[in-house]
Amino acid sequence: MDHRIEEMEEYAILHHVPIMEHDGINFLLDYIKTHHIRRILELGTAIGYSAIRMCLVDPNITVTTIERDRKRYEKAICNIQKFGLENRITVLFQDAFDVELNDTFDLIFIDAAKSQYIKFFEKFEKNLSQNGVIVSDNLNFHGLVHTDEMALSRNVRGMVRKLNQYIDFLKSNSYYETTIYDIGDGVGISVRKDI
Ligand code: SAH
Ligand code: MG
């Protein structure tokens, strides 16, 4: 394994940055590879870990990724430079809700604030290519989505409720075929149907 990747993983543990779990990222990278994904939009860069790993799947991949936290944004820029990927990864230091994009993407990866997933989906689906896919991370929210609500703190309960609403939203959205995989922290794959 590339020491630069391990370095990011260690930084994430040390600084409590919620980067994708191993099984989850491997599953996503495999999906990107087998489906020949080229243009990716990511909501929630953090330190650039998933953006870099997705980019490394194929030299033709480009990633646009959005992060609103200055410290993480700066760390991401630094990590991306270490890999020499600054020409293929564009990091926007902005709140995703303030970003207006005209480009279309083969894959949109939603991994920002968990309570806003429906809003992210609705805002960015216009940027999804014809047969594009929307991938959502943390649908299990550390296993808590399947926990008895009363055992959770008020804050966490609210988040879990929102994620469950999002899962219902995905399942009932007839424009997409959604499968939720119990891999990593729960990964949703929503493929736009040909209609
Ligand atoms: N995708 C990363 C992890 C992202 S963690 C990886 O797996 O490596 C989620 C990040 O989303 C956090 O850094 C947080 O600051 C950012 N975020 C949350 N809400 C956001 C918003 N509305 N706009 C931009 N970034 C947001
Ligand atoms: Mg995540």
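When reading the values below, keep in mind they use all heavy atoms of this one structure, side chains included, and skip hydrogens, waters and symmetry mates. Both ligands and their constituent atoms are indexed starting at 1 by order of listing.
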Identify whether NZ of Lys or CZ of Arg in Arg68 sits under 6.0 Å from the centre of the six-membered ring of Tyr73 and within 45° of that ring's axis. no
Counting only non-hydrogen atoms and a 4.0 Å cut-off, the residues near ligand 1 are Pro18, Ile19, Met20, Glu42, Gly44, Thr45, Ala46, Tyr49, Ser50, Ile66, Glu67, Arg68, Asp69, Arg72, Gln94, Asp95, Ala96, Asp111, Ala112, Ala113, Phe120
Could you tell me whether the side chains of Ser190 and Thr178 share a donor-acceptor contact shorter than 3.5 Å? yes
Distance only, no hydrogens: is a donor on one side chain within 3.5 Å (strictly under) of an acceptor on the other, for Glu42 and Thr64? no
Using the ring of each side chain (for Trp, its six-membered ring), is Phe121 parallel, tilted or perpendicular to Tyr176, with breaks at 30° and 60°? perpendicular
Do we see a donor-acceptor contact under 3.5 Å between the side chains of Thr45 and Glu67? no
Report yes or no: is the cationic atom of Lys162 (NZ for Lys, CZ for Arg) under 6.0 Å from the centre of the six-membered ring of Tyr117, at an angle within 45° of the ring normal? no
Neighbouring protein N, O or S atoms of the Mg ion (ligand 2) [cut-off: under 2.8 Å, no waters]: Asp111 OD1, Asp137 OD2, Asn138 OD1
Report the distance from atom CG of Asp194 to atom CZ of Arg192, rounding to the nearest 0.5 Å. 10.0 Å
Can you find a side-chain donor-acceptor pair between Asn140 and Asp182 that sits under 3.5 Å? yes
Check: Arg4 side chain, Lys82 main-chain N or O, donor-acceptor pair, under 3.5 Å: yes
